[in-house]
Amino acid sequence: MKVFDRLDASVTFSQEESLLLEAVKKLAREKIGPRAEHYDRTASFPTHNVEDINSLGLNAMFVPEAYGGSPVSYAAYLACVREISAACASTGIIWATTFHAMKPLIDFGSEEQKKRLLPRIAGGGLGALAITEPSAGSDATGMKTRFTPEGDHIVVDGGKTFITNGDVADLVLLFGKWSEADDDRKAISCLVVEKDTPGLAVLRTEDKMGHRASSTAAIAFEKCRVPRANLLAGPGEGLKLLLASLNKSRPSVAAHALGIARAAFQDAVAYVNERRQSGRAIIEFQGIQFLLADLAAELAQCEAWLWHVARLVDGGATDFGTEASILKMRASDLAMRITTDAVQLHGGYGYCKDYRVERLMRDAKITQIWEGTNQIHRQLIGRHFLSK
Ligand SMILES: Cc1cc2nc3c(=O)[nH]c(=O)nc-3n(C[C@H](O)[C@H](O)[C@H](O)COP(=O)(O)OP(=O)(O)OC[C@H]3O[C@@H](n4cnc5c(N)ncnc54)[C@H](O)[C@@H]3O)c2cc1C
């Protein structure tokens with residue numbers, strides 16, 4: 001598909017990044033993709049995929065060199081997310097979530113915290129980002145998890161829900177409220193909880209429509225004593241961290257959604273060329289060509305915007321929240337649209353599990369909901385144009 005190949009070729013990577021991306025494509029094509037149906041059907045954690053990702057040392061790209069990593073540009077990271085997610089959306093989000101969770105530690109952690117915690121991630125550890133609570137979803141400031149200082153420790157009480165990697169993470173980046181602060185927004189604080197800390201329990205994992213191989217856990221904290229040394233920034237500085245981390249993770253979930261969209265588009269094109277009705281390939285019908293034309297145009301424009309946002313980030317911009325929201329909203333709406341149309345183009349076969357588009361459609365839905373629902377992104381984008 002020349003249009004998309006040429007768009008991909010317009011993004012410049014260093015020689016090392018290009019080699020890495022080729023290795024990721026090979027891994028996705030030869031190992032991750034072929035296992036995706038099994039992991040989805042059995043709803044089992046894709047351990048072999050995570051092992052293979054770690055044998056390529058891919059986590060190192062999240063982490064600065066000083067702490068055992070080997071960083072790449074944001075564009076190269078997004079390209080890797082898209083490739084892995086096209087092959088297996090569950091594996092893509094498991095891997096990307098570690099990046100989402102560790103970015104605030106990299107950007108706001110102290111030297112001591114980074115030296116102590118980041119090598120674990122560079123070496124293949126998993127991260128989780130715990131914001132959502134049963135009664136605090138779109139409005140995260142309503143969270144109730146409490147952080148009570150007690151000498152050299154912070155005692156955590158509360159619970160988080162829908163936490164990707166929540167049951168398997170080595171490090172959980174946790175948001176809660178400082179008990180001594182009254183103002184809701186000024187109380188939000190952030191700390192790192194290490195695996196097996198007494199008082200941290202996994203209550204259950206969810207039985208989901210899609211992303212069935214990625215675990216989504218409800219976790220609880222009961223008198224969970226976390227060393228004060230694991231508090232990021234200061235008490236009450238969590239909201240700043242939260243907003244900054246979402247800005248970096250939203251383009252990443254968009255790249256993940258675009259991986260799903262690309263996979264569905266490719267499958268749809270292959271099928272309409274091969275499937276024959278009324279004596280001809282169904283792509284020869286104008287109605288089908290018009291549908292493909294609309295999808296191709298949307299996909300090309302959305303991918304171009306992905307690289308625009310990547311360039312902003314790699315260029316050092318920090319105020320790209322609106323661009324990130326536009327990207328997250330469009331990429332996820334498009335993933336849902338393309339996967340739904342891909343099922344339609346497969347006719348009855350698309351509704352059956354023999355074809356990948358059935359899974360892609362189920363996987364696409366959550367991309368419109370997580371990292372801020374698309375209603376919330378529409379609000380954020382609209383608000384940007386309010387005269388101050
Ligand atoms: C599979 C999965 C993985 C997830 N992973 C994580 C994770 O790793 N970490 C984490 O912290 N969270 C995670 N989440 C949680 C996810 O981010 C939330 O589900 C999402 O933010 C929405 O919150 P909610 O489910 O409470 O819905 P609600 O906020 O209750 O929203 C319900 C509906 O109301 C709409 N709505 C709410 N407020 C407004 C408004 N102001 N204007 C217009 N419409 C509004 C919403 O758009 C939605 O349609 C995950 C969720 C799932 C299902």
Side-chain angles (χ1 to χ4, degrees), residues 39-40 43 45-46 81 85 88-104 126-145 156 158-177 188 190-193 200 202-221 238-239 241-250 252-254 256-257 260 324-325 328-329 332-333 335-336 359 362-383:
Y39 283 129
D40 173 66
F45 189 79
V81 172
S85 307
C88 172
S90 290
T91 304
I93 204 63
I94 290 166
W95 183 62
T97 294
T98 300
F99 169 79
H100 305 161
M102 290 303 112
K103 196 69 187 127
L126 289 166
L129 177 63
I131 304 169
T132 307
E133 296 185 3
S135 58
S138 296
D139 179 13
T141 61
M143 64 176 73
K144 293 197 171 80
T145 294
V156 182
K160 296 284 171 181
T161 197
F162 296 142
I163 306 307
T164 302
N165 294 347
D167 56 331
V168 288
D170 297 282
L171 300 177
V172 177
L173 193 88
L174 175 71
F175 287 86
K177 284 190 179 153
I188 296 178
C190 177
L191 48 80
V192 178
V193 184
L200 162 60
V202 176
L203 300 182
R204 63 168 189 281
T205 54
E206 307 297 342
D207 185 6
K208 308 190 297 292
M209 173 194 294
H211 283 85
R212 293 186 58 75
S214 142
S215 55
T216 308
I219 55 178
F221 300 87
L239 192 59
L241 269 72
L242 182 81
L243 298 176
S245 67
L246 289 176
N247 278 352
K248 285 276 172 66
S249 58
R250 283 166 176 167
S252 168
V253 295
H256 167 269
I260 299 172
S325 282
K328 191 276 176 186
M329 179 188 82
S332 55
D333 281 349
M336 197 66 235
R359 183 185 85 237
R362 285 185 287 107
D363 284 344
K365 183 59 208 173
I366 188 60
T367 68
Q368 296 177 300
I369 296 171
W370 61 25
E371 294 285 323
T373 66
N374 284 0
Q375 285 97 324
I376 295 298
H377 284 288
R378 284 185 169 81
Q379 263 178 25
L380 292 171
I381 298 161
R383 248 186 241 153

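Ligands are counted one by one from 1 in listed order, and the atoms in each one are counted from 1 as well.
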task: Specify whether the nearest protein heavy atom to atom 30 (O) of ligand 1 is under 4.0 angstrom away.
output: no
task: Might you check, step by step, whether the distance between atom 37 (C) of ligand 1 and some protein heavy atom is under 4.0 Å?
output: yes
statement: Counting from 1 in the order shown, the ligand 1 atoms closer than 4.0 Å to a non-hydrogen atom of Glu371 are 17 (O)
query: Closest non-hydrogen protein atom to atom 42 (N) of ligand 1, residue and atom name please, with distance?
result: Gln379 NE2, 2.8 Å
query: Below 3.5 angstrom, do we get any N/O pair linking Ile131 and ligand 1?
result: yes
task: Please indicate whether any nitrogen or oxygen in Ala130 is less than 3.5 Å from any nitrogen or oxygen in ligand 1.
output: no
- line: Quick note on ligand 1: atoms under 4.0 Å from a heavy atom of Ile369 include exactly 20 (C)
message: Tell me if the centroids of the rings in Trp370 and His100 come within less than 6.0 Å of each other.
response: no
- prompt: Who's the nearest protein heavy-atom neighbour of atom 53 (C) of ligand 1, and how far?
  reply: Ile366 CD1, 3.2 Å
task: Ignoring hydrogens and angles, state whether a donor on the side chain of Asp167 or Thr205 is under 3.5 Å from an acceptor on the partner side chain.
output: no
Proximal ligand 1 atoms for Thr373, defined as those under 4.0 Å from one of its heavy atoms: 22 (C), 46 (C), 47 (O)
field: Non-hydrogen atom of Lys208 closer than 4.0 Å to ligand 1
entry: yes
N/O separation below 3.5 Å, Thr132 to ligand 1: yes
field: Nitrogen or oxygen atoms of Thr164 and ligand 1 under 3.5 Å apart
entry: yes
- request: Starting from atom 7 (C) of ligand 1, find the nearest protein heavy-atom neighbour and note its residue, name and distance.
  value: Phe162 O, 3.3 Å
message: I need the nearest protein heavy-atom contact for atom 9 (N) of ligand 1: residue, atom name and distance, please.
response: Leu129 O, 2.8 Å
query: Any donor and acceptor pair, going by atom type alone, linking the side chain of Asn165 with main-chain N or O of Ala128 inside 3.5 Å?
result: no
- prompt: Among protein heavy atoms, which lies nearest atom 45 (C) of ligand 1, and at what distance?
  reply: Ile376 CD1, 4.3 Å
- prompt: Hey, which atoms in ligand 1 end up nearer than 4.0 Å to a heavy atom of Ser138?
  reply: 23 (O), 28 (P), 29 (O), 31 (O), 37 (C), 38 (N)
statement: Under 4.0 Å between heavy atoms, the region of Glu206 that gets near ligand 1 turns out to be neither
- prompt: Heavy-atom distance from atom 34 (O) of ligand 1 to the protein below 4.0 Å?
  reply: no
query: Is there a donor-acceptor pair under 3.5 Å between the side chain of His377 and the backbone N or O of Gly372?
result: yes
query: How far is atom 24 (P) of ligand 1 from its nearest protein heavy atom, and which residue and atom name does that atom have?
result: Gly137 CA, 4.0 Å
field: Heavy atom of the protein closest to atom 49 (O) of ligand 1 (residue, atom name, distance)
entry: Gln375 NE2, 3.2 Å
- line: The answer for which part of Thr216 has a heavy atom under 4.0 Å from ligand 1 is side chain
